[in-house]
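Data block below; observations after.
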Amino acid sequence: MSRDSKLLGLLPIAGLILLWGWLAASGMAPKALLPSPVAVAQRLVELLGQGDFWAHIGTTLFRLITGFLIALVAGTALAILSASSEVTQTAVNAFVRILAPLPKIALYPAMILILGFGHSSKIALVAIEAAFPIYLATYQGMRNVDQKLIWAARSAGASRLHCLLFVMLPAAAPSILTGARVALVISCIVVFLSEMMSSTEGLGYVLIDAARNFRTIDMFVPIILISALGLGLGAGLSALRKRLLTGYPQA
């Protein structure tokens, strides 16, 4: 991505901040309900100077990244199994068709009962929600691999498993990483929601605690931070994708 494209991508964010500042300064909304961007930025700097606040950030990051990595492994493994045989493909795809449209947040109360209120239930919810886009992207990528590559490998004596792992999977890498980017965004949303619903730590808890105590300015801080974390992790994954896919014509 060129420098001009990056600057152009920042324009909507700058426009949103300017609109927010104008609405706060115009008095259309009370300051108690809509603090200015400057006030929120000052409060963010204050909170970043507190060790407890960094602990909340670390908790959210731990849950997010752990759940995402589990989803990446599980979704990719299921896609490999689906591509390995027609029977497995039919069984897994039927399972996916049933569960994919279901909002996984509806399963969260059951997860709390089984896994408790700690890290486990949040990580499980993130992993389940994020695994589906990774599985679908990986499966479609492996199904769309040029058949000539598979024929060439098999004619050279490669086994079916070798073709799956060392021909089809690498060829599907662009699709896998695209699914991973979608899953990462979903992970940010889901971990935040789960912490808002039942947690005593994390950025989602910080927002709910501020709302319960009518600290409006503190409600904006975790929203901005989770957005910044999503942008930062997404940018890192995009850079990794560009590096890993050097030489791929479709990348």
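Position 1 is the first residue of the sequence; numbering continues from there.
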(message) Return the CD to OG1 distance between Glu195 and Thr200, rounded to the nearest 0.5 Å.
(response) 10.0 Å
(message) Would you say that Val206 contacts Leu225 through its side chain, given a criterion of any heavy-atom pair below 4.5 Å between the two side chains?
(response) no
(message) Who clusters with Leu16? Use side-chain heavy atoms, under 4.5 angstrom, across I, L, V, M, F, W and Y, and order the result by chain and number.
(response) none
(request) Would you indicate whether the side-chain heavy atoms of Leu48 and Ile57 approach each other to under 4.5 Å? (result) yes
(message) One pair to check against side chain to side chain contact (heavy atoms under 4.5 Å, CB included): Arg43 and Val40. What are the steps and the verdict?
(response) CA-CA 5 Å; Arg43 181 57 177 160; Val40 173; 5.6 Å; no
(message) Distance check, rounded to the nearest 0.5 Å: Ser36 atom OG versus Gln42 atom CD?
(response) 7.0 Å
(message) When you compare the side chain of Leu229 with that of Leu203, does any pair of heavy atoms fall below 4.5 Å?
(response) yes
(message) Membership question, hydrophobic clusters at under 4.5 Å side-chain separation (ILVMFWY): are Leu237 and Phe62 in the same one?
(response) no
(request) Quick one: closest heavy-atom pair of Pro101 and Val96, and the distance? (result) CD-O, 4.2 Å
(request) Treating Ile, Leu, Val, Met, Phe, Trp and Tyr as nodes and any side-chain heavy-atom pair under 4.5 angstrom as an edge, say whether Ile114 and Met197 lie in one connected cluster. (result) no
(message) Under the criterion side-chain hydrogen bond (donor to acceptor under 3.5 Å, both in side chains), I'd like the reasoning laid out for Thr59 against Tyr205: C-alpha separation, chi angles, the key distance, then a yes or no.
(response) CA-CA 11 Å; Thr59 296; Tyr205 165 74; over 6 Å; no
(message) Measuring from atom CD1 of Ile176 to atom CE of Met142, what distance do you get when rounded to the nearest 0.5 angstrom?
(response) 7.0 Å
(message) Within this structure, what is the CG-OH distance for the pair Leu81 and Tyr139, rounded to the nearest 0.5 Å?
(response) 12.5 Å
(request) Give the cluster check for Met196 versus Ile123: same hydrophobic cluster or not, with ILVMFWY residues linked at side-chain heavy-atom distances below 4.5 Å. (result) no
(message) Minimum heavy-atom separation for Ala172 and Gly141, please, with both atom names.
(response) CB-C, 3.5 Å
(request) Grab the two heavy atoms, one from Ala127 and one from Ile70, that are nearest each other, plus how far apart they are. (result) CB-CG2, 3.8 Å
(message) In the structure I gave you, are the side-chain heavy atoms of Pro103 and Glu129 within less than 4.5 Å of one another anywhere?
(response) no
(request) State which residues pass ring pair (Phe, Tyr, Trp, His ring centres under 6.0 Å) with Phe68; sequence neighbours excluded, sorted by chain then number. (result) none
(request) Would you indicate whether the side-chain heavy atoms of Tyr135 and Asn93 approach each other to under 4.5 Å? (result) yes
(message) Working to the nearest 0.5 angstrom, can you tell me the gap between Leu78 CG and Leu136 CG?
(response) 10.5 Å
(request) Considering non-hydrogen atoms only, spot the tightest contact between Ala39 and Ile217 and give its length. (result) O-CD1, 3.4 Å
(request) Output yes when a side-chain donor or acceptor of Lys122 lies under 3.5 Å from a complementary backbone atom of Ser120, and no otherwise. (result) no
(request) Check whether any side-chain heavy atom of Thr76 sits under 4.5 Å from a side-chain heavy atom of Ile80, and report yes or no. (result) yes
(message) Would the distance check show the side chain of Thr60 and the main-chain N or O of Gly202 forming a donor-acceptor pair, the cut-off being under 3.5 Å?
(response) no
(request) Measure the CD1-OG distance between Ile134 and Ser175 for me, rounded to the nearest 0.5 Å. (result) 13.0 Å
(request) Taking all non-hydrogen atoms of both residues into account, name the closest pair between Ile17 and Pro37 and its distance. (result) O-CG, 3.9 Å
(request) Mind listing the closest non-hydrogen atom pair of Ala180 and Leu72 along with its distance? (result) CB-CD1, 4.3 Å
(request) For Phe53 and Val221, run side chain to side chain contact (heavy atoms under 4.5 Å, CB included): C-alpha distance rounded to whole Å, both residues' side-chain angles, the deciding distance at 0.1 Å, then the answer. (result) CA-CA 11 Å; Phe53 191 68; Val221 172; 3.7 Å; yes
(request) Answer yes or no: is there a side-chain heavy-atom contact under 4.5 Å between Phe220 and Leu44? (result) no
(message) Is it true that, when you exclude Arg181 itself, more than 12 heavy atoms of the residues, nucleotides or ligands shown sit nearer than 6.0 Å to its CZ?
(response) no
(message) Under 4.5 Å between side-chain heavy atoms, counting indirect links through other Ile/Leu/Val/Met/Phe/Trp/Tyr residues: same cluster for Leu125 and Leu115 or not?
(response) no
(request) Quickly, which of Ser199, Ser187, Ser194 forms a side-chain hydrogen bond (donor to acceptor under 3.5 Å, both in side chains) with Arg63? Name it, please. (result) Ser199
(request) Check whether any side-chain heavy atom of Val190 lies under 4.5 Å from a side-chain heavy atom of Lys104, and answer yes or no. (result) no
(request) Determine yes or no for a side-chain-to-main-chain donor-acceptor pair under 3.5 angstrom, with Asn213 supplying the side chain and Asp209 the backbone. (result) yes
(message) Tell me whether Leu240 shares a hydrophobic cluster with Val73, the cluster being built from Ile, Leu, Val, Met, Phe, Trp, Tyr side chains joined at under 4.5 Å.
(response) no
